[in-house]
Protein chains: 2
Amino acid sequence: MYIGKAHRYKIMNGLMRRMRIIIVHGGAWNIPEEDKESHRNSLKEALAAGWSALKGNGRALDAVEEAVVHMENSGVFHAGSGASLNSEQKVELDAAIMTGDLNLGAVAGVSCIKNPISLARYVMENSKHALIVGTGAQIFAKQQGIPLCDPDELVTARERRRFKEGLENEFGTVGAVALDGNGNMAVATSTSGTYKKMAGRVGDSPLVGCGTYADKERGACSATGHGESFMKTVAAKTACDALEKEPDAQTAAEKTLQMILKRTGGKGGFILLRKDGDYGIAFTTPAMARGVMKEGMEAPEVSV
Amino acid sequence: MYIGKAHRYKIMNGLMRRMRIIIVHGGAWNIPEEDKESHRNSLKEALAAGWSALKGNGRALDAVEEAVVHMENSGVFHAGSGASLNSEQKVELDAAIMTGDLNLGAVAGVSCIKNPISLARYVMENSKHALIVGTGAQIFAKQQGIPLCDPDELVTARERRRFKEGLENEFGTVGAVALDGNGNMAVATSTSGTYKKMAGRVGDSPLVGCGTYADKERGACSATGHGESFMKTVAAKTACDALEKEPDAQTAAEKTLQMILKRTGGKGGFILLRKDGDYGIAFTTPAMARGVMKEGMEAPEVSV
């Protein structure tokens, strides 16, 4: 039997590699008009950084870390530099990273770390633990040779002004999910948590299953939104489980968000990637900063 | 149609109240022979305390808190007084409490709190947050008028000795699940985490879905075991979800533990209560301290 060139390519493609894809988000909330341009630019740059890491034999794990590090460093989102302030006018950062084979690292309540997502990866790769919080996480960072920063370095003029103005309900968490050419998946999420949170409050982002989850048997999900509601419903794991029941990832993401809204009243958004590369992006908030880059696309697509 | 007395009672029972039940565990590990008697006695006392709270219109929430407070105070288990020491020879405690209507409170990495489970309940009832960690949790405790204790008060001579002897793999977490006469469910879990853990390490116990979960649509579960493995698999929520697929709670508990063992190599145990009162107790460790008291039983049944 003759197999045409296109078909042969498809078979090779199917056998030898999965479709490479990376999806990012920069939070789901009522993003102010004056912030939209900077959001779009930073999403594009984060996707370019992540996509570059996916080339050749590049790993999904590196791609999600690269993309999130870029967003943490941008000063645009409420993660890393650009963090929102807690009720004590201090910064406390949370992050988690996970691969499809259930490797997991997370940190919460850290103040002196420029890139919490990279510290989370150190927890995953260089400790026997999965979540380290507070000053313990900073002791671990020092042991790993990660420089501690002055917490004030992470606070932008924009956030000082917003604290005074008393804006609320900003969910500027960042996250990324990716699938690499070898079929491996990964997810990363980083945040400064809700605006004017109490000292020590931890939301869904660094909590496995809540803001962050990956399982090669189903898919990967990074969430953003009202943390306590996403914790109660173990949102990211529930979205990954919905991939088994629903016809596509978009439906799985939308139905899970509707369930969360119905049972808790909480709003937010998901980026959800199925193990075969099908994906869904959904939100119940007025807006969500998000973007995609995948095999066959000439340039990243972003929306705010 | 005539309805006999027994049948009428059953209908009334079915319509007006669910079967009251409380189940407790005191950890799943290789419990030393010399500790078994004290474990049995403490489990009985914890069940009596919880059962007493379930009388009349008593709430499942009060029952699980009472039972866990009793175990925290006993000095027998690795929670509250009796905590194991971390790598710095210090105590860091974690706890979570949750009701079937998804109300949730948790604390992690607290050192100066005699009853972390009660502080978790304060988080649930008196804050807008669900998880508060480290020194932030102690600031919250002070605001709530909860006295802070000297951390050394929580350290027993037994634990000082064990630290020197270098014993490992003790999973002495405590937990309780209950269903009250009005059909409400609750779960509580409290722990000092794994032996010689790094400072700041948080395991599955205080993490929603991992060590602790309740949902009136399915059931309630408290887990104990290798925390990192139970986190990766979001163990307690997965066990509650299995109640929908499996014929009974025992099968759901056993199958979920086997899945965790297969996918992560991690061992531990569950107490799992279905919304209708059917329950399962299972463990993949050599032993598990556990007990039950329910409607129709004359006295609590415990095993170690």
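We name chains A, B, ... by the order of the sequence lines, and we start the count at 1 in each one. Computation of the quantities below employed the complete heavy-atom set of this structure, encompassing side-chain atoms and omitting hydrogens, waters and symmetry-equivalent molecules.
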Residue, of G209(A), G200(A), A199(A), that accumulates the most heavy atom pairs under 4.5 Å with chain B: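 Most pairs with chain B among the choices: G200(A).
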
Give the member of D204(A), V107(A), L131(A), I132(A) that has the highest number of heavy-atom pairs under 4.5 Å with chain B.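 Highest number of pairs under 4.5 Å: L131(A).
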
Any residues in [range] near chain B, with a heavy-atom distance under 4.5 Å, and which are they?
| range | answer |
| --- | --- |
| residues 96-105 of chain A | M98(A), G100(A), L102(A), N103(A), L104(A) |
| residues 261-274 of chain A | R263(A), T264(A) |
| residues 216-233 of chain A | K216(A), E217(A), E228(A), M231(A), K232(A), T233(A) |

Does anything in residues 133-144 of chain A pair up under side-chain hydrogen bond (donor to acceptor under 3.5 Å, both in side chains), and if so which pairs, sequence neighbours excluded?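 Every pair satisfying side-chain hydrogen bond (donor to acceptor under 3.5 Å, both in side chains) with a residue in residues 133-144 of chain A: N126(A)-Q144(A).
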
Where does D241(A) contact chain B at under 4.5 Å (heavy atoms): side chain, backbone, both or neither? side chain

Do M198(B) and I139(A) pass the side chain to side chain contact (heavy atoms under 4.5 Å, CB included) test, and can you show the C-alpha distance, the side-chain angles, and the key distance before you say yes or no? CA-CA 9 Å; M198(B) 287 168 53; I139(A) 293 169; over 6 Å; no

Evaluate the side chain to side chain contact (heavy atoms under 4.5 Å, CB included) criterion for residues T238(A) and K237(B): first the C-alpha distance (whole Å), next the side-chain angles of each, then the deciding distance (0.1 Å), finally the verdict. CA-CA 9 Å; T238(A) 301; K237(B) 168 89 162 56; 3.5 Å; yes

State, to 0.1 Å, how close V208(A) and C210(B) come at their nearest heavy-atom pair, and which atoms those are.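 Closest heavy-atom pair between V208(A) and C210(B): CG1-SG, 3.6 Å.
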
